[in-house]
Amino acid sequence: MPITVAVSLLVAFAWFTALAGRALLGGGDGGILLAAALVGGWVGARVLAWPLRRFMPTPAPPPSRRDFVGRTCVIRTGRVGPDFGQAEVRAADGSAALVQVRQSLVEAAGQGSALTSGAAALIYDYDAEGEFFRVMPDLPAMG
């Protein structure tokens with residue numbers, strides 16, 4: 001439930017509890033009335049919010065770096081090697097991220113496999129220990 005809705009319910013129930021308490025007690029003790037209003041507001045908001053949770057959508061899981069695996073990226077550094085490289089990749093929501101990418105010397109040694117600035121690459125793995133993505137040249141679409 002959004003916090004604004006919960007706070008609005010709390011305020012409304014606290015106000016109603018204070019109003020009803022003032023009518024019942026007359027000009028009685030304000031400290032007890034304040035405490036009762038706060039407790040009444042919390043209980044009322046809690047009771048009403050509990051069944052409403054079923055109608056609220058469950059939040060999406062937070063984005064993960066593994067979400068980039070399988071996506072294409074564009075190399076933004078002059079070269080990509082086993083210890084250096086950056087690329088720009090687009091997330092599913094359309095936002096762009098600059099990520100660290102690596103390519104082993106064996107991968108880069110093949111004909112047309114060296115990745116330079118502006119080249120399209122495919123992210124095929126994520127190294128959590130080194131916090132970088134492994135990339136290879138993106139193959140042109142067939143068809």
Side-chain angles (χ1 to χ4, degrees), residues 1-25 29-143:
M1 170 173 292
I3 189 72
T4 54
V5 174
V7 170
S8 296
L9 288 173
L10 178 79
V11 168
F13 279 109
W15 174 80
F16 181 75
T17 304
L19 183 66
R22 178 63 73 183
L24 291 174
L25 296 176
D29 188 16
I32 295 173
L33 186 60
L34 177 62
L38 290 175
V39 169
W42 182 80
V43 168
R46 186 82 175 157
V47 166
L48 191 60
W50 183 71
L52 291 177
R53 285 189 302 190
R54 287 184 288 163
F55 300 111
M56 297 292 166
T58 56
S64 167
R65 290 183 180 167
R66 297 226 182 255
D67 294 341
F68 290 135
V69 174
R71 294 193 169 274
T72 57
C73 62
V74 177
I75 305 301
R76 294 297 179 207
T77 53
R79 66 173 178 84
V80 175
D83 60 346
F84 178 76
Q86 289 183 339
E88 182 179 336
V89 62
R90 297 256 175 214
D93 64 359
S95 63
L98 192 62
V99 297
Q100 301 297 317
V101 293
R102 302 291 183 265
Q103 184 181 32
S104 72
L105 292 175
V106 175
E107 292 170 331
Q111 181 70 17
S113 295
L115 294 171
T116 58
S117 181
L122 177 66
I123 298 173
Y124 68 88
D125 191 21
Y126 177 68
D127 186 333
E129 186 176 311
E131 295 187 349
F132 61 83
F133 294 92
R134 296 205 178 272
V135 294
M136 61 185 254
D138 189 25
L139 300 174
M142 302 289 276

Asker: Rounded to the nearest 0.5 Å, how far apart are CD of E88 and OG1 of T72?
Answerer: 11.0 Å
Asker: Can you establish whether the number of heavy atoms outside F16 located under 6.0 Å from its atom CZ is more than 12?
Answerer: no
Asker: With side chains defined as the heavy atoms from C-beta onward, is the minimum distance between Q86 and Q100 less than 4.5 Å?
Answerer: yes
Asker: How long is the straight-line distance from CD1 of I3 back to OG of S8, given to the nearest 0.5 Å?
Answerer: 10.0 Å
Asker: Which pair of non-hydrogen atoms, one from R102 and one from P82, has the smallest distance, and what is that distance?
Answerer: CD-O, 3.4 Å
Asker: So, for A6 and A45, which heavy atoms are closest and what is the spacing to 0.1 Å?
Answerer: O-CB, 4.3 Å
Asker: Is the count of non-hydrogen atoms from other residues, nucleotides or ligands lying under 6.0 Å from R46 atom CZ greater than 12?
Answerer: no
Asker: So, do D67 and S64 sit near enough that their side-chain heavy atoms are less than 4.5 Å apart?
Answerer: yes
Asker: Kindly compute the distance separating CG (L33) from CG (L38), expressed to the nearest 0.5 Å.
Answerer: 9.5 Å
Asker: Ignoring hydrogens, what is the shortest heavy-atom contact between R76 and L98? Give both atom names and the distance.
Answerer: CG-CD1, 4.1 Å
Asker: Is there a side-chain contact between F13 and L48 (heavy atoms, below 4.5 Å)?
Answerer: yes
Asker: Check step by step if side chain to side chain contact (heavy atoms under 4.5 Å, CB included) holds for F133 and V89.
Answerer: CA-CA 11 Å; F133 294 92; V89 62; over 6 Å; no
Asker: Please tell me if the side chains of Y126 and E131 come closer than 4.5 Å, counting only heavy atoms from C-beta onward.
Answerer: yes
Asker: For L115 versus P137, what's the shortest heavy-atom pair and its separation?
Answerer: CD2-CA, 3.9 Å
Asker: Quick one: which of D125, D127, V99 gives a side chain to side chain contact (heavy atoms under 4.5 Å, CB included) with F132?
Answerer: D127
Asker: How close do I75 and T116 get, heavy atom to heavy atom, and via which atoms?
Answerer: CB-O, 3.4 Å
Asker: Hey, what do you get for CD (Q103) to CZ (F84), rounding to the nearest 0.5 Å?
Answerer: 13.5 Å
Asker: If you look at every heavy atom in L122 and R71, which pair is closest and at what distance?
Answerer: CD1-O, 3.7 Å
